[in-house]
Q: 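The following block contains the structure, expressed as structure tokens.
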Protein chains: 2
Amino acid sequence: MKIGDLAKRTGITAHTIRYYERIGLLPHAHRDGSGRRDYGEDSVVWIGFLSRLKTTGMPIRDMLRYARLRAQGDSTGPARAALLSEHRDRVRAHLAELQSALTVLDTKIAGYGETEGTDPNDADSNDTDTHTTTDPTGTRHGRHGRD
Amino acid sequence: MKIGDLAKRTGITAHTIRYYERIGLLPHAHRDGSGRRDYGEDSVVWIGFLSRLKTTGMPIRDMLRYARLRAQGDSTGPARAALLSEHRDRVRAHLAELQSALTVLDTKIAGYGETEGTDPNDADSNDTDTHTTTDPTGTRHGRHGRD
DNA sequence: TCTTGACTTAGAGTTCGCTCAAAGCCCTAG
DNA sequence: CTAGGGCTTTGAGCGAACTCTAAGTCAAGA
């Protein structure tokens, strides 16, 4: 298939596909008689996987590392597994953060909902949350600000 | 407290705090006798909340909308609730995507793990989540909506 | 046949969210 | 008193990930 078709199939633009090829995320595409890129189903699959990695927040430089390992063949299996495994850990951690933040949002939205005239949840008091995962410095002992 | 203290308390740099003030995410700070920014606990709380929004992927321009509503006072409660509610929907959607991607990662890592010498999961076949039986979301591949 | 639209390239431009530099002022510990 | 570190400002710079432009080639449908 041509680059435009692949773009439609994968949801990324042809520009981005060429960009990915340029930086090494995609192998150099085969060309048809007239010098145009010609793709197979495997490209759809590979880009689909890259998109998943992207969704989960993997930076391009890490996708590149993975892609290079993949290009090196079967012997890199363990290295690829390790790379994905580390990434999975990060994704899990982020997931937990998101879930925690979600409950904060729930609380806050609920706070806005009740008693419309007054505000038991003023901008600040309602901003206060049970601090969960994200502990920037770790140095925060005194938690003031009403919980 | 001074800007450096606030930075330590919140985990963002003093540079970023000034940047946030510049773009309107933080109100203009009160100054002490010598013209330096002086913060109270409320700043810690507010930045904490902003950090959570950031964690959940809210772009700065949306935080700005929220901050401006907040600055306008209590009457904007419903608008703020709506803003957060829409954001919550997006976060929930993203959360679902992440969870789905996680199971893909699990499958793939497991694939690399089994039968160390050979590889039933060669670069492509294992990259494929095509007809991977475990289809968590039920999302048929082929067209994932673009992010 | 003609025209339209998809394709090609190299390289420049954009957006986001910081991050730093430079030059100078001033608080505080020693 | 002095040195050092933290603060001030404006404005420039940066890395990530695209995104688009320009100028040109070419294939295929009306």
Q: To the closest 0.5 Å, what do you measure between CG (A:L25) and CD1 (A:I47)?
A: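 One gets 9.5 Å once the value is rounded to the nearest 0.5 Å.
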Q: Could you tell me whether A:I23 contacts a base, only the sugar-phosphate backbone, or nothing, with contacts defined as non-hydrogen atoms closer than 4.0 Å?
A: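 No contact.
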Q: Measure CD/A:E21 against C1'/C:dA10 and give the value in whole Å, please.
A: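 So the CD-C1' distance, A:E21 to C:dA10, works out to 14 Å.
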Q: If I take atom NE2 in residue A:H28 and atom C1' in nucleotide C:dT9, what distance separates them, rounded to the nearest angstrom?
A: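 Rounding to the nearest Å, NE2 of A:H28 and C1' of C:dT9 are 14 Å apart.
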Q: From C-beta outward on A:R18, which listed nucleotide comes closest to its side chain: C:dC7, C:dC16, D:dT8?
A: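 Among C:dC7, C:dC16, D:dT8, the one nearest the side chain of A:R18 is C:dC7.
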Q: For DNA chain D, whose closest nucleotide is more 5', that of B:G4 or that of A:P59?
A: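 Here B:G4 is the residue nearer the 5' end.
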Q: Nearest to the side chain of B:R31, heavy atoms from C-beta on, is which of D:dT8, C:dT19, D:dT19?
A: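 So the side chain of B:R31 is nearest to D:dT8.
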Q: Round to the nearest Å and state the distance from A:I12 atom CD1 to D:dC20 atom C1'.
A: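 Between C1' of D:dC20 and CD1 of A:I12: 16 Å.
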Q: Closer than 4.0 Å, any side-chain N/O of B:S34 to the OP1 or OP2 of C:dC27?
A: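 Indeed, a polar side-chain atom of B:S34 lies that close.
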Q: Which sits closer to the 5' end of DNA chain C, B:T13 or A:G35, going by the nucleotide each is nearest to?
A: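 Closest to the 5' end, via its nearest nucleotide, is A:G35.
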Q: Judged by modelled atom types alone, do B:T56 and B:R90 share a side-chain donor-acceptor pair under 3.5 Å?
A: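 Checked: B:T56/B:R90 side chains show no N/O donor-acceptor pair below 3.5 Å.
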Q: Taking NZ, NE, NH1 and NH2 as the nitrogens, is one of them in B:R92 or B:E97 under 4.0 Å from a carboxylate oxygen of the other?
A: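 Answer for the salt bridge query: no.
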Q: Less than 4.0 angstrom between a side-chain N/O of B:R37 and OP1 or OP2 of D:dC7, yes or no?
A: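 For B:R37, the contact criterion (side-chain N or O under 4.0 Å from OP1 or OP2 of D:dC7) is not met.
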Q: Between atom NE2 in A:H15 and atom P in C:dT9, what is the gap in whole Å?
A: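 One finds 12 Å between P of C:dT9 and NE2 of A:H15, rounded.
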Q: Nearest whole Å is fine: how far is C:dC16 P from B:R22 CZ?
A: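 For the pair B:R22 CZ and C:dC16 P, the rounded distance is 16 Å.
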Q: In terms of the nearest nucleotide of DNA chain D, which residue is placed more toward the 5' end: A:Y19 or A:G33?
A: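 This one resolves to A:Y19.
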Q: Flag this pair as yes if the NZ/CZ of B:K108 is under 6.0 angstrom from the six-membered ring centre of A:F49 and inside a 45 degree cone about the axis; otherwise no.
A: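 Here B:K108 passes the 6.0 Å and 45° test against A:F49.
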Q: Would you kindly give the NZ-to-P distance between A:K2 and D:dC26, to the nearest whole Å?
A: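 Rounded to whole Å, this separation is 14 Å.
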Q: What is the distance, rounded to the nearest whole Å, between atom CG of A:L50 and atom P of D:dC18?
A: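 Rounded to the whole Å, the gap is 10 Å.
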Q: Is a donor from one side chain sitting under 3.5 angstrom from an acceptor on the other, for A:Y66 and A:R80?
A: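 A:Y66 vs A:R80: no donor-acceptor pair found between side chains.
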Q: Rounded to whole Å, how long is the line connecting atom CE of A:M63 with atom C1' of D:dA16?
A: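 These atoms are roughly 11 Å apart.
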Q: Side-chain N or O of B:Y20 versus OP1/OP2 of C:dC18: is the shortest distance under 4.0 Å?
A: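 Answer is yes, contact under 4.0 Å.
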Q: Ignoring the backbone of A:R36, work out which of C:dC18, D:dT25, D:dT8 is nearest its side chain.
A: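 Nearest listed nucleotide: D:dT25.
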Q: Which residue, A:A14 or B:K54, contacts DNA chain C at a nucleotide closer to its 5' end, judged by nearest heavy atom?
A: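 It is A:A14, whose closest nucleotide lies nearer the 5' terminus.
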